[in-house]
Student: 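Got a structure for you, written out below as structure tokens; questions coming shortly.
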Amino acid sequence: MNRDFAQAVYDIVKLIPYGRVTSYGAIAKHIGSPQSSRAVGWLLNNSLEYNLPAHRVVNRNGVLTGKKAFSENSTMQSRLEKEGVEVKDDKIVNFKTLFWNPSDELHYTF
DNA sequence: GTATTGACCGTAG
DNA sequence: TCTACGGCCAATA
């Protein structure tokens, strides 16, 4: 597997603050491959065992497209709601407000 | 080495 | 506003 790519994705996901969310595209863009959002999603699916806050990562519309990847079909939504994120019909209500841009954390500079 | 799949995204009609 | 298509990247068969 492309270790560098995977590592970068995992590191960024780990930086997502409590109660905030981001998108696959934003992560991919921050890494340097704006078109690799699919790979990001794939990697997250394979990193459920890594103890990452993967539930804070959704698609560009704020929809919980990856909820079915979790053990229970409602695990993702439950965790988000537990963090104060309002979820309605599988999508984040205040997505635009809760959205966390990785660029805000300038720890990562490419 | 080729084909297919997947937690996606942007553009065009 | 909604749908369709193509493209991109990593992993698997």
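The sequence lines fix the lettering, A, B, ..., with proteins before strands; numbering per chain opens at 1.
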Student: How would you list, by chain and number, every residue that makes a side chain to side chain donor-acceptor pair (under 3.5 Å) with A:Asn101, sequence neighbours excluded?
Tutor: A:Ser103
Student: If you walk 5' to 3' along DNA chain B, what is the first nucleotide with an atom under 4.0 Å of a heavy atom in chain A, and what is the last?
Tutor: B:dG6 to B:dG10
Student: Less than 4.5 Å apart, any side-chain heavy atom of A:Met76 and any of A:Val58?
Tutor: yes
Student: Quickly work out the A:Leu43 CG to C:dC8 C1' distance and round it to whole Å.
Tutor: 14 Å
Student: Quick one: CD1 on A:Ile92 to CD on A:Gln77, what's the gap to the nearest 0.5 Å?
Tutor: 10.0 Å
Student: Report, one line per pair, each donor and acceptor closer than 3.5 Å where one atom sits in a side chain of residues 34-48 of chain A; sequence neighbours left out.
Tutor:
from	atom 1	to	atom 2	distance (Å)
A:Ser36	OG	A:Ser33	O	2.5
A:Ser47	OG	A:Leu43	O	3.3
A:Ser47	OG	A:Leu44	O	2.8

Student: Both A:Gln35 and A:Tyr24 contact DNA chain B. Taking the nearest nucleotide for each, which residue is further toward the 5' end?
Tutor: A:Tyr24
Student: Among residues two or more places apart or on two chains, list those pairs meeting salt bridge (Lys or Arg N to Asp or Glu O under 4.0 Å) that have a residue in residues 22-36 of chain A.
Tutor: none
Student: In whole angstrom, give the distance that lies between atom CD1 of A:Ile27 and atom C1' of C:dC8.
Tutor: 16 Å
Student: Got a sec, which pairs hit side chain to side chain donor-acceptor pair (under 3.5 Å) with one end in residues 16-27 of chain A, sequence neighbours left out?
Tutor: none
Student: What nucleic acid atoms does A:Ser33 come within less than 4.0 Å of, heavy atoms only: base, sugar-phosphate, or nothing?
Tutor: nothing
Student: Taking atom P of C:dC9 as reference, at what distance in whole Å does atom CG of A:Asp4 sit?
Tutor: 15 Å
Student: Check DNA chain B against residues 52-60 of chain A and give the residues with a non-hydrogen atom under 4.0 Å, in numerical order.
Tutor: A:Ala54, A:Val57, A:Asn59, A:Arg60
Student: Tell me the interatomic distance from A:Asn46, atom CG, to C:dC9, atom P, rounded to whole angstroms.
Tutor: 19 Å
Student: Which pairs with one or both residues in residues 50-61 of chain A pass salt bridge (Lys or Arg N to Asp or Glu O under 4.0 Å), sequence neighbours excluded?
Tutor: A:Arg56-A:Glu83
Student: Just distance, no hydrogens or angles: give the donor-acceptor pairs under 3.5 Å from side chains in residues 61-69 of chain A, sequence neighbours left out.
Tutor:
from	atom 1	to	atom 2	distance (Å)
A:Lys67	NZ	A:Asp90	OD1	2.9
A:Lys67	NZ	A:Asp90	OD2	3.4
A:Lys68	NZ	A:Thr65	O	3.3

Student: So which of residues 90-100 of chain A are in contact with DNA chain B, with a heavy-atom cut-off of under 4.0 Å?
Tutor: none
Student: Can you work out whether A:Trp42 or A:Ser37 has the more 5'-proximal nearest nucleotide on DNA chain C?
Tutor: A:Ser37
Student: Please work out if A:Leu48 contacts a base, only the sugar-phosphate, or nothing of the nucleic acid, heavy-atom cut-off 4.0 Å.
Tutor: base
Student: Should A:Asp11 and A:Lys14 count as side-chain neighbours, where that means a heavy-atom distance under 4.5 Å?
Tutor: yes
Student: At what distance, to the nearest 0.5 angstrom, does CG of A:Asp4 lie from CD1 of A:Ile31?
Tutor: 10.5 Å
Student: Categorize A:Lys68 for me: base, sugar-phosphate, or nothing, with a 4.0 angstrom heavy-atom threshold over every strand shown.
Tutor: sugar-phosphate
Student: Got a sec, which pairs hit ring pair (Phe, Tyr, Trp, His ring centres under 6.0 Å) with one end in residues 78-99 of chain A, sequence neighbours left out?
Tutor: A:Phe95-A:Phe99
